[in-house]
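Index from 1, following the sequence. Order of listing sets the numbers, starting from 1, for every ligand and every atom in it.
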Amino acid sequence: MRMLALYSIKGGVGKTASSVNLAAQAARAGNRVLLWDLDPQAATSFYLRTKPKVRGGVEKLVKGKADLDKVIRNTQVDNLDVLPAALASRDMDNLLAKRGNSHLRQILKPVRKDYDLVILDCPPSLSHLSENIFSSVDALLVPVVPTTLSMRTLEQLRDFLDEQELPCTFWPFITLADRRRKLHVEMIDEMQNGWPLMLSTVIPAASAVERMGLERAPLHAFAPRTTASRNYQALWNEISQRLQ
Ligand SMILES: Nc1ncnc2c1ncn2[C@@H]1O[C@H](COP(=O)(O)OP(=O)(O)O)[C@@H](O)[C@H]1O
Ligand SMILES: [Mg+2]
């Protein structure tokens with residue numbers, strides 16, 4: 001069971017859009033995928049038409065006492081299940097403070113044979129939750145908008161992981177890119193040269209992605225021929241090769 005997290009210190013950079021689309025593409029490629037919505041705002045759960053509710057409560061889940069068969073829900077996408085968020089997911093941080101490394105992975109132990117891949121959609125923070133994410137996953141996928149500020153956030157993340165001696169691999173990728181903007185083109189170039197682990201597929205800023213909130217579905221379900229949808233597929237292929 002491989003684990004990846006869509007993670008950034010910054011909000012509004014496309015973590016949720018990317019987690020839903022990458023999870024759907026991984027499922028289409030034949031993987032049994034679980035998408036875990038860790039953000040109390042529950043946008044991932046919303047996109048996948050799931051009630052924002054953790055059956056039995058978040059505390060039971062963290063203690064390993066929840067019935068995962070009841071907490072995890074099917075989605076309209078074949079091979080894709082979701083572990084929804086709830087407002088109470090904001091307690092996750094405190095609950096995890098008392099737990100050891102990789103506890104998120106521990107929580108999923110009862111279902112580890114049921115999934116090839118788990119994708120975590122994370123809230124934008126540096127907290128106990130994020131430290132537990134760092135120790136649980138095989139790699140972080142970090143969406144970056146091609147602006148100076150996002151580049152700084154990426155450097156901050158790298159410095160934080162170095163300082164805390166957290167051996168967590170992170171693979172940045174560019175999203176919300178607008179190639180008509182000179183600054184974006186320059187930044188994409190600079191980032192792709194400066195960050196050797198940067199994934200090469202660029203996700204464009206596209207109205208189809210915004211429509212996910214209306215359609216409540218991954219891009220492939222309603223706009224499969226758009227560049228954004230194709231690029232999420234290409235991005236997934238790239239990630240899947242790195243996982244092998
Ligand atoms: N590639 C994209 N093109 C256009 N809009 C996007 C794209 N990715 C995300 N968005 C929009 O930007 C906003 C923030 O995206 P979201 O995935 O929720 O970010 P995060 O989870 O990092 O906070 C949402 O309104 C979403 O629809
Ligand atoms: Mg989000």
Side-chain angles (χ1 to χ4, degrees), residues 4-25 35-50 52 75 82-87 89-90 92-93 104 118-127 129-130 133 137 140-147 149-154 156-157 170-181 183-185 187-188 191 198-236 238-239:
L4 297 170
L6 269 295
Y7 178 82
S8 168
I9 305 171
K10 256 174 98 67
V13 293
K15 292 181 294 297
T16 297
S18 300
S19 60
V20 171
N21 287 312
L22 289 172
Q25 290 295 347
L35 181 47
W36 188 350
D37 188 357
L38 288 167
D39 190 338
Q41 290 186 37
T44 281
S45 310
F46 176 81
Y47 282 144
L48 292 170
R49 305 179 189 187
T50 313
T75 72
V82 67
L83 203 168
L87 207 54
S89 301
R90 67 189 190 281
M92 196 83 117
D93 200 48
L104 291 172
V118 176
I119 294 184
L120 311 177
D121 182 29
C122 307
S125 59
L126 270 175
S127 56
L129 171 61
S130 36
I133 290 163
V137 297
L140 300 177
L141 304 171
V142 187
V144 245
V145 182
T147 60
L149 215 57
S150 294
M151 179 100 113
R152 266 199 70 230
T153 329
L154 200 54
Q156 282 170 341
L157 175 62
F170 68 101
W171 300 335
F173 65 96
I174 291 164
T175 185
L176 278 155
D178 183 352
R179 290 199 186 270
R180 289 167 305 184
R181 294 197 206 176
L183 183 65
H184 274 211
V185 175
M187 289 301 294
I188 291 172
M191 286 176 172
M198 176 81 68
L199 292 148
S200 69
T201 309
V202 172
I203 307 296
S207 55
V209 180
E210 286 167 18
R211 264 174 46 219
M212 286 173 63
L214 297 171
E215 305 279 348
R216 296 186 74 182
L219 276 175
H220 183 265
F222 66 93
R225 277 180 281 279
T226 53
T227 309
S229 180
R230 287 177 203 268
N231 287 18
Y232 269 118
Q233 184 175 1
L235 185 62
W236 167 250
E238 228 185 303
I239 293 164

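- For atom 11 (C) of ligand 1, the nearest protein heavy atom is 4.0 Å or more away.
- The side-chain heavy atoms of Arg90 and Leu87, taken from C-beta on, include a pair separated by under 4.5 Å.
- The protein reaches atom 2 (C) of ligand 1 closely, with a heavy atom under 4.0 angstrom from it.
- Residue Gly12 places at least one N or O, backbone or side chain, under 3.5 Å from an N or O of ligand 1.
- Shown here for Lys15 and Leu6, the closest heavy-atom pair between the two residues is O-CG, 3.6 Å.
- Of the possible polar contacts, one joining the Tyr7 side chain to the Ser125 backbone as a donor-acceptor pair under 3.5 Å is found.
- In this structure a side-chain-to-backbone donor-acceptor pair under 3.5 Å is present from Ser150 to Val145.
- Within the 2.8 Å limit, Thr16 places at least one N, O or S atom next to the Mg ion (ligand 2).
- Looking at Leu154 and Met191, their side chains never come closer than 4.5 Å, going by heavy atoms from C-beta outward.
- Ranking protein heavy atoms by distance to atom 19 (O) of ligand 1, first place goes to Gly14 N, 3.0 Å.
- Residue contacts with ligand 1: Ala206 is placed with a nitrogen or oxygen under 3.5 Å of a nitrogen or oxygen of the ligand (distance criterion only).
- Inspection of the Thr226 and Ser229 side chains reveals no N or O donor paired with an N or O acceptor under 3.5 Å.
- For the residue pair Asn231/Thr201, the side-chain donor-acceptor check at 3.5 Å is not satisfied.
- Counting protein heavy atoms only, atom 26 (C) of ligand 1 is closest to Tyr47 OH, 4.5 Å.
- Scanning all heavy atoms of the two residues, the minimum distance from Gly213 to Phe46 falls at O-CE2, 3.5 Å.
- In this structure, Ala43 has no heavy atom closer than 4.0 Å to ligand 1.
- Of all atoms in ligand 1, numbered sequentially from 1 with element shown, those under 4.0 Å from a heavy atom of Pro204 are 1 (N), 2 (C), 3 (N).
- Set against the non-hydrogen atoms of Val13, the atoms of ligand 1 under 4.0 Å away are 19 (O), 20 (P), 22 (O).
- Protein non-hydrogen atoms do reach within 4.0 Å of atom 6 (C) of ligand 1.
- Contact annotation for atom 16 (P) of ligand 1: protein present (non-hydrogen atoms, distance under 4.0 Å).
- Annotation: atom 18 (O) of ligand 1 to nearest protein heavy atom, Thr16 CB, 3.9 Å.
- Backbone and side-chain nitrogen or oxygen atoms of Lys15 are examined, and one is located within less than 3.5 angstrom of a nitrogen or oxygen of ligand 1.
- Ligand 1 has no N or O atom lying under 3.5 Å from any N or O atom of Lys10, backbone or side chain.
- In this structure, CG on Leu235 lies 7.5 Å from CG on Leu141, to the nearest 0.5 angstrom.
- In terms of heavy-atom proximity, Gly14 sits nearest to Pro143 at C-CG, 4.2 Å.
- Counting only heavy atoms of the protein, atom 27 (O) of ligand 1 lies nearest to Glu210 CA, 3.8 Å.
- Nearest to atom 8 (N) of ligand 1 among the protein's heavy atoms is Val209 CG1, 3.5 Å.
- The shortest distance between side-chain heavy atoms of Ile188 and Arg179 falls below 4.5 Å.
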